[in-house]
Amino acid sequence: MRYSKLFLPTLKEMPAEAEVISHKLMLRAGMIRKLASGIYSYLPMGLRALRRVEAIVREEMNRAGAQEVLLPMVQPAELWRETGRWNKYGRELLRLEDRHDRDFCLGPTHEEVITDLVRKEIRSYRDLPINLYQIQAKFRDERRPRFGLMRGREFVMKDAYSFDADEDGLHDTYQAMYKAYCRIFERCGLEFRPVEADTGSIGGHASHEFMVLADTGEDTVACCTRCDYAANVELAPVTPDRHEGQPVKAESMEKLREVATPGRRRIDEVTAFLDVGPERLIKTLIFVTEDGPVAALVRGDHDLNEVKLKRALGVEESRLADEKTVMDLTGAPVGFVGPVGLAGNIRVVGDYAVGSLSNFIVGANRKDAHLVGANWGRDLPLPELYDLRTITPADPCPRCGGPIELKKGIEVGHVFKLGTSYSQAMGATFLDARGRERPLVMGCYGIGIGRTVAAAIEQNHDEHGIRFPMPIAPFQVIITIINIKDGEMVSAAENLYRVLEDRGLDVLIDDRKERAGVKFKDADLIGIPIRVTVGKKIKESGEVEIKSRTDGTVFIVPSDQASDKIKELCS
RNA sequence: CGGGACGUGGCUCAGUCUGGUAGAGCACAGCGUUCGGGACGCUGGGGUCGUGGGUUCAAAUCCCUCCGUCCCGACCA
């Protein structure tokens, strides 16, 4: 490709709208442009990188036995009504009507469509297992799109859906997908970790997320520094302390008394005012669920984990109660709510760690007042105890007891064992070897293609621009002609360009009428892994300069040996 | 959805507080010099100041409406 003919508008200055580095660089390097919030156009450079990732994904999916299909993006509402998701999915589902006022939606995911397809075509266990995938744009009307391609509303995703005859079959398919995902992200040159993940409201049996480790990640991963345990913090269980739940002797109990805490609502305000540590306090958080309101108790220095709370309560919906609801339920404004005297009115649950507290401090359910010296049994009943808090680096690894480290990650892939929830809801069945009708056992497997490109940039850049890993680079080689008016330089560069293209490399030749500095800056910005400079050395000694964008290594080689060296560096 | 910020040539921004002839740099076009790390000089084109309304002799500037964008939070495969 000739740079002079390429639609590659690079930006010298930082775009005002971008915050994170991958977003800034993708805009500056002319890869993407925004059309609307969370909706982006891919320009040639961006599309090339996207296609590279897609090609790797295709190869590995095909190798793992999956077959590519392409499903419609516009989907009829009836399918979504069958699974109940037409109502459950909420406002993220972009709904539309056709000219006959029939309801449709833009597909945010394709379980319904694929299950419909398979239930109509697959009748026998002899046709199983089957694993179908597609690479296609998804639309999710996110509440808050951000960070460019990292969380867009329209985004390119590879989604695969597997159908097995039984759980064992699903297990094998799941393992094959897991391994394929590892290969995909390894081949993309990413530092990643597969982590145990929450199965969410779908209620599957197992799930792993593939996290690219980067500070800008929106997820937090708990990693053991001793064994290979890694899990999303939403999920990572906290091992209860040995002392938790032990009764306190009556004689060591302080007297329960109410103290005035005017205006002190937050934990840090109360602890500062009373001059005690946050571990002496119990936070009382009121949630509203489909089964009614719930009070959840965690220690002042711990964070409540809503995923764990939902699981402990066995509910699907939960949200923090608003100010008015809290007032109606407890008689106190937010910040002064406590569990004493609450048990009769609403369900109270507590984290294991609150069970071992004695002489603790809680809100008094009265404005500007807290209770000091509270104790289980005497002042209030011990609530149902669960693992409700988010793991911290102070907690041991749930598997080996080793030290835990928290890291930020970008979720680029997710694999799920779905089981039979969709197939049962939609009547997707097959006949087994004994002629019995049974529901298909499903799995689903997603990869955010655009997000993978963005994540690769998050991990591979410097102050000058992108440093694309070779396997996903838009071009492998850029040839920089120092002076376009110098016939000797041009013919040497053109010659090398032809040779490299003939040898199957993707080459960009910078034949623009620009000064050398401009060309170097652009080459660094767009991150082509290998830069070949054809300059004055070609005239003096017949040599060219080959520079690695990845590590900065420079090779000066005679021009007739350049293609061998470049080929070697590209492999 | 709650909180905050912003919206002025293609881009980055100044001008708004204190109303009075729309600016700079970059980019773009032409000419000249320069030519291995985003050159310089001269000339030139390009802006309904997000939208609608209001106040005023006069609005980019003050007031209100709506729209859009970004950030934090909530929420979320």
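Predicted, not measured: the structure shown is a model, and the values here were computed from it.
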| Listed by chain and number, what are the side-chain contact (heavy atoms from CB on, under 4.5 Å) partners of A/His461, not counting sequence neighbours? | A/Ile21, A/Leu25
| task | Only counting residues at least two apart or in another chain, list the ones meeting side-chain contact (heavy atoms from CB on, under 4.5 Å) with A/Ile346. | result | A/Ile286, A/Pro293, A/Ala295, A/Leu329, A/Leu342
| query | Mind checking what makes side-chain contact (heavy atoms from CB on, under 4.5 Å) contact with A/Arg2, not counting sequence neighbours? | reply | A/Ser4, A/Lys5, A/Glu494, A/Tyr497, A/Ile509, A/Asp511
| field | Proximity of A/Phe210 and A/Tyr178 rings by center, below 6.0 Å | value | yes
| message | Heavy atoms within less than 4.0 Å of RNA chain B: which residues of residues 23-33 of chain A have one? Give them sorted by number. | response | A/Arg28
| request: Enumerate the residue pairs fulfilling salt bridge (charged side-chain N to carboxylate O under 4.0 Å, His left out) with a member in residues 537-548 of chain A, sequence neighbours excluded, ordered by first and then second residue. | output: A/Asp486-A/Lys539, A/Glu488-A/Lys539, A/Arg531-A/Glu545, A/Lys537-A/Glu545
Find every protein N or O atom lying less than 3.5 Å from an N or O atom of nucleotides 30-35 of chain B, and list the pairs.
{"unit_1": "B/rU34", "atom_1": "O2", "unit_2": "A/Arg515", "atom_2": "NH1", "d": "2.6"}
{"unit_1": "B/rC35", "atom_1": "N4", "unit_2": "A/Lys485", "atom_2": "NZ", "d": "3.3"}

| field | ring pair (Phe, Tyr, Trp, His ring centres under 6.0 Å) partners of A/Tyr42, counting only residues at least two apart | value | none
Every protein N/O within reach of nucleotides 14-16 of chain B N/O, cut-off under 3.5 Å:
none

| field | Base B/rG38 paired with A/Arg512 side chain (donor-acceptor, <3.5 Å) | value | no
I'd like a table of atom pairs between the protein and nucleotides 24-26 of chain B - only N or O on both sides, under 3.5 Å - with the distance next to each one.
{"unit_1": "B/rG25", "atom_1": "N2", "unit_2": "A/Glu13", "atom_2": "OE1", "d": "3.0"}
{"unit_1": "B/rC26", "atom_1": "O3'", "unit_2": "A/Lys12", "atom_2": "NZ", "d": "3.4"}

| query | Which residues pass the side-chain hydrogen bond (donor to acceptor under 3.5 Å, both in side chains) test with A/Ser41, sequence neighbours left out? | reply | none
| message | Suppose we screen for ring pair (Phe, Tyr, Trp, His ring centres under 6.0 Å). Which residues come up paired with A/Tyr133, at least two apart in sequence or across chains? | response | none
| Partners passing side-chain contact (heavy atoms from CB on, under 4.5 Å) against A/Glu514 (at least two apart in sequence or in another chain) | A/Arg512, A/Val518, A/Lys519
